[in-house]
J.: 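Submitted below is the structure of interest, expressed as structure tokens.
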Amino acid sequence: MAEEVKSLNFIEHIIEEDLRGGFDKNNLRFRFPPEPNGYLHIGHASSICLNFGLGLDYQSPVNLRFDDTNPEKEEREFVDAIKRDVEWLGFEWDKECYASDYFQQLYDWAVILIKQGKAYVDSQDAATIAQQKGTPTTPGSDSPFRNRSVEENLELFEKMKNGEFQAGEHVLRAKIDMAHQNMLMRDPIMYRIMHKEHHRTGNDWCIYPMYDWTHGESDYIEQVSHSFCTLEFAMHRELYDWFLDQVYDTNKVRPKQREFARRNLSHTVVSKRKLLRLVQEGVVTGWDDPRMPTISGLRRRGYTPESIRNFADTIGIAKRENLIDVSLLEFCAREHLNKIAPRVMAVLDPIKVVITNYPEGQIEELEAENNPEEDPLTYRKVPFSREIYIEREDFREEANRKFFRLKLGGEVRLKNAYIIKAESVVKDEDGHITEVHCTYDPLSRSGSGTPESTRKVKGTLHWVSVAKAVPVEVRLYDRLFSVAEPEEDKEKDFMDFINPESLKVTTAYAEPSLKNAQPEERYQFQRLGYFCVDRDSTEEKIVFNKTVGLRDSWAKIENKS
RNA sequence: UGGCCUAUGGUGUAAUUGGUAACACAGCUGAUUUUGGUUCAGUCGUUCAAGGUUCGAGUCCUUGUAGGCCAACCA
């Protein structure tokens, strides 16, 4: 049988081409380079899966490198959260690296550049430097300090390092070309003075290197062969290569930067800055709020690492702009959860059913399948009694033929239990139904083997025993934004599109087997959806987060009419 | 009034590098089902435009068009 040709994305094509061109496979090395200034989100998951996936495919090491060159925004908390998230996704990094580990090497190289006349200290303020940059269509102009002597530059740069200046007094710039058509090449800043404590180097430094100067050199130091980043860095590639040229030793691996389009997800935002606003303005409870598209939020919501990795593989990687529908993410969640989540019964919006011909006070332990997808099936006991709760929307006094659920005079199967028939309703003075009175067929018990037990009735309902039910808190989540592209409208702020109903909290009644459910355990509430135990759960009260609903073809039928 | 990048079903991604445009999601129809779930079967619909090269173009060439990115002492 012919081997199936695996289709490759453009990144893999580049690597294959390099390999064909003679690049040694043993020299392949990748990296995932987050800045520790926020939590990882679903967009990063794509990058993580790309880089670590490449590592797995080519049996190559992948470094986790923190791009920590800006002590103003970066924090230890984020480093820990990022490591936790990458691990949770199931990836193993080769080395844990920090750009800050290279500060001394970077400094030494900068001194060499100064000596070669390729870098100089500029003593103008930020506004002036910005003005001299020119515009995309007009060239910039030289700084009056551009031609300082090597000696003066060396002396000033050392004083900058020694903390003899205030922030903003001087910067170190690469001397390239102020008329370059690529604005990034117009004497980019390499170092700025910042009297800020760094989460790793403390107060050792008061000059910090800029991204462009740091990133490529870090790749080079680590001997990363392929450095993948998002499209907005495409213009930076020229600078990346220029800086590399200054230090490159031809016996070593020369890192190659290539760019891919970041993934956008509908009905949310995927930008650390915007996610930070949601956190800071209290729209959500934190970076790991289950409505957040962060990895920790998705985790708390009940997503599995497998489903996220499968999602990343499914959407692939390319260079064009994109907007991926959340329904695909939800599909990936259901696909995996369907296989692994134990089925249980819980009623979210209860209405009481009294089975009038069932003995008062009697409790029967009925057998229930844990998961029909399991290979050797396993079972648990569920208590049945005269009074049960069913879902309010599962009963109607009258309904048409399409309504398979309980209606007056109609029959329905109680999952794992008996067939019941609705006989009458009890209403309060406002006309609201408070109880449904039914009769049951004692011979129809599920699994009892009687002809009645296998009788076909159109509808099957989930239920819980009133006496044995466990009240639990259920947090029902909906999309955080009510429009597909909250960032698209240029007139309005994305915050204007927040869905006010993204969270509804309710008390539900669950079968008693859930009494000892532990945080992060995932269940399928039958006929409702997938739910995950939240870490807010206590001894007295279990809290469930709704991960995602089941596919609901009944809702579609109803919406049509 | 510049440079760089990108255009393939509603969405996302492929196409053995010039040889039958495919896969997944979404939608729709039906079958099965003690979850209106799952599963299964079927169905809808696509190469930005116009030229050109070629026996043959999503792929190569030309000219357009549309969208994104680029002027932080952020990354």
Side-chain angles (χ1 to χ4, degrees), chain A residues 5-9 13 33-35 37 67-70 72-74 122 125-126 129-131 133-140 167-168 170-173 180-184 186 189-194 207-208 210-212 214-215 229-238 259 261 263 266 272-273 313-325 327-332 334-335 338-339 343 345 369 372-373 402-405 412-417 419 446-447 453-462 484 524-529 549-558:
Chain A
V5 182
K6 197 196 167 207
S7 71
L8 304 176
N9 61 41
H13 278 298
E35 183 192 8
N37 68 342
D67 228 330
D68 56 350
T69 57
N70 185 356
E72 204 143 57
K73 301 191 212 163
E74 294 149 7
D122 197 344
D125 60 36
I129 290 175
Q131 203 157 33
K133 270 245 149 122
T135 72
T137 50
T138 59
H170 307 279
V171 290
L172 184 74
R173 293 230 255 168
H180 201 109
Q181 59 184 14
N182 179 351
M183 296 205 50
L184 291 160
R186 322 242 259 227
I189 291 168
M190 295 171 69
Y191 278 94
R192 76 286 212 188
I193 299 169
M194 282 177 107
I207 54 171
Y208 289 95
M210 301 290 289
Y211 167 84
D212 288 298
T214 310
H215 202 91
C229 59
T230 45
L231 243 32
E232 64 266 31
F233 290 98
M235 296 299 291
H236 293 247
R237 188 150 108 198
E238 197 171 10
E259 312 81 18
R263 320 314 304 189
S266 75
K272 269 194 271 189
R273 219 191 77 245
D313 287 346
T314 305
I315 63 180
I317 214 80
K319 292 185 82 165
R320 50 178 151 158
E321 296 154 56
N322 56 80
L323 180 68
I324 295 141
D325 203 292
S327 66
L328 181 58
L329 215 210
E330 293 172 345
F331 165 81
C332 291
R334 290 191 194 103
E335 188 186 39
N338 176 51
K339 293 197 187 92
R343 272 57 169 173
M345 292 194 286
E369 217 171 54
E373 304 286 322
K402 280 184 181 169
F403 187 80
F404 301 164
R405 285 110 102 131
V412 88
R413 159 74 64 185
L414 292 176
K415 180 80 185 169
N416 305 314
I419 292 173
S446 295
S453 72
T454 54
R455 226 178 90 213
K456 301 284 178 212
V457 278
K458 195 64 182 166
T460 301
L461 306 186
H462 62 278
Q524 184 196 98
F525 287 1
Q526 265 177 135
R527 300 213 304 133
L528 297 174
L550 257 25
R551 265 189 64 204
D552 190 353
S553 34
W554 168 240
K556 284 173 196 161
I557 294 167
E558 276 216 302

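So you know, we letter chains A, B, ... as the sequences are listed, proteins then strands, and number each from 1.
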J.: Of the nucleotides B:rA71, B:rU34, B:rA24, which one has an atom closest to the side chain of A:Lys456?
T.: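 Minimum distance to the A:Lys456 side chain belongs to B:rU34.
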
J.: Out of B:rC73, B:rA75, B:rG12, which has the shortest distance to the side chain of A:Asn322?
T.: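 So the side chain of A:Asn322 is nearest to B:rG12.
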
J.: Which value, rounded to the nearest 0.5 Å, describes the distance between A:Met210 atom CE and A:Arg173 atom CZ?
T.: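 Going from CE on A:Met210 over to CZ on A:Arg173, the span is 11.0 Å.
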
J.: Should the side chain of A:Thr460 and the base of B:rU35 be counted as holding a donor-acceptor pair, with the cut-off at 3.5 Å?
T.: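 Donor-acceptor pair under 3.5 Å: no.
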
J.: Please name the nucleotide paired to B:rC74 by Watson-Crick or G-U wobble geometry with both distances under 3.5 Å, or report none.
T.: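 The base-pairing partner of B:rC74, which may sit in any strand shown, does not exist here.
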
J.: Could you tell me the Watson-Crick or G-U partner of B:rU54, where both distances fall under 3.5 Å? Say none if there is no partner.
T.: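 B:rU54 is unpaired by these criteria.
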
J.: Could you state the interatomic distance from CG (A:Asn37) to CD (A:Glu74), rounded to the nearest 0.5 Å?
T.: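 If I round to the nearest 0.5 Å, the distance is 6.0 Å.
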
J.: From the options B:rA75, B:rA15, B:rA24, select the nucleotide whose nearest atom is closest to the side chain of A:Glu35.
T.: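 Of the options given, the side chain of A:Glu35 lies nearest B:rA75.
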
J.: If the plane angle is over 60° it's perpendicular, under 30° parallel, otherwise tilted; pick one for A:Tyr211 and A:Phe233.
T.: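 Judged by the thresholds at 30° and 60°, the geometry between A:Tyr211 and A:Phe233 is tilted.
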
J.: Could you give the distance separating B:rU59 and B:rU39 at their P atoms, to the nearest angstrom?
T.: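 Between the two P atoms, the distance is 37 Å.
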
J.: Given B:rA24, B:rG36, B:rA71, identify the nucleotide with an atom nearest to the side chain of A:Asp552.
T.: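 Closest nucleotide to the A:Asp552 side chain: B:rG36.
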
J.: From C-beta outward on A:Trp554, which listed nucleotide comes closest to its side chain: B:rU13, B:rU6, B:rG36?
T.: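 So the side chain of A:Trp554 is nearest to B:rG36.
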
J.: About how many Å separate NZ of A:Lys456 and OG1 of A:Thr454, when rounded to the nearest 0.5 Å?
T.: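 Spacing of OG1 (A:Thr454) from NZ (A:Lys456) equals 7.0 Å.
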
J.: Can you tell which of A:Gln526, A:Lys415, A:Arg527, A:Arg343 makes a side-chain hydrogen bond (donor to acceptor under 3.5 Å, both in side chains) with A:His462?
T.: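 The option that passes is A:Arg527.
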
J.: If you compare all heavy atoms of A:Glu232 against all heavy atoms of A:His236, which two are closest, and at what distance to 0.1 Å?
T.: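 The answer is O-CD2, 3.7 Å.
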
J.: Nearest of B:rG68, B:rA75, B:rA71 to any side-chain atom of A:Glu321?
T.: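 Comparing B:rG68, B:rA75, B:rA71 against the side chain of A:Glu321, the answer is B:rG68.
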
J.: Please measure how far the P atom in B:rC48 lies from the corresponding atom in B:rA57, and state the result in whole Å.
T.: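 Straight-line distance between the two P atoms is 15 Å.
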
J.: Can you tell me how far C1' in B:rU46 sits from the matching atom in B:rA24, rounded to whole Å?
T.: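 Looking at atom C1' only, B:rU46 and B:rA24 are 15 Å apart.
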
J.: Any strand is fair game: report the nucleotide pairing with B:rA24 by Watson-Crick or G-U wobble, both distances under 3.5 Å, or none.
T.: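 Pairing partner: B:rU11.
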
J.: What is the distance, to the nearest angstrom, from the CD atom on A:Gln181 to the C1' atom on B:rU1?
T.: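 Those two atoms, CD and C1', are 14 Å apart.
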
J.: Could you work out the separation of B:rU29 and B:rG68 based on their C1' atoms and round it to a whole Å?
T.: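 Here B:rU29 and B:rG68 have their C1' atoms 40 Å from each other.
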
J.: Please determine whether a side-chain nitrogen or oxygen atom of A:Arg527 lies at a distance below 4.0 Å from atom OP1 or OP2 of B:rG36.
T.: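 It does, given that an N or O in the side chain of A:Arg527 lies less than 4.0 Å from OP1 or OP2 of B:rG36.
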
J.: Taking atom types as they are modelled, would you say the side chain of A:His13 forms a donor-acceptor pair with the base of B:rA14 within the 3.5 Å cutoff?
T.: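 Per atom types, no contact qualifies.
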
J.: Any donor-acceptor pair, under 3.5 Å, between the side chain of A:Arg413 and the base of B:rU34, if you only look at N and O atoms?
T.: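 Side chain to base: pair found, below 3.5 Å.
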
J.: Counting only distance, no hydrogens or angles, is the base of B:rG36 paired donor-acceptor with the side chain of A:Arg405 under 3.5 Å?
T.: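 Present.
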
J.: Looking at the base of B:rU35, is there any donor atom on it, or on the side chain of A:Gln524, that sits under 3.5 Å from an acceptor on the other one?
T.: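 In this structure, the two groups form a donor-acceptor pair.
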
J.: Could you run down the sub-3.5 Å N/O contacts of the protein with nucleotides 20-22 of chain B?
T.:
none

J.: Both distances under 3.5 Å, Watson-Crick or G-U wobble: report the partner of B:rA49, or none.
T.: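 When the pairing criteria are applied, B:rU63 turns out to be the nucleotide that pairs with B:rA49.
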
J.: Decide, applying a 5.5 Å centre-distance limit and a 30° plane-angle limit (both strict), whether A:Tyr211 stacks on B:rA75.
T.: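 Here A:Tyr211 fails the 5.5 Å or the 30° condition.
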
J.: Below 4.0 angstrom from OP1 or OP2 of B:rG37, is there any side-chain N or O of A:Ser553?
T.: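 For B:rG37, OP1 or OP2 has a side-chain N or O of A:Ser553 closer than 4.0 Å.
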
J.: Quick one: which of B:rA14, B:rC70, B:rA75 gets closest to the side chain of A:His236?
T.: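 Looking only at side-chain atoms, A:His236 lies closest to B:rA75.
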
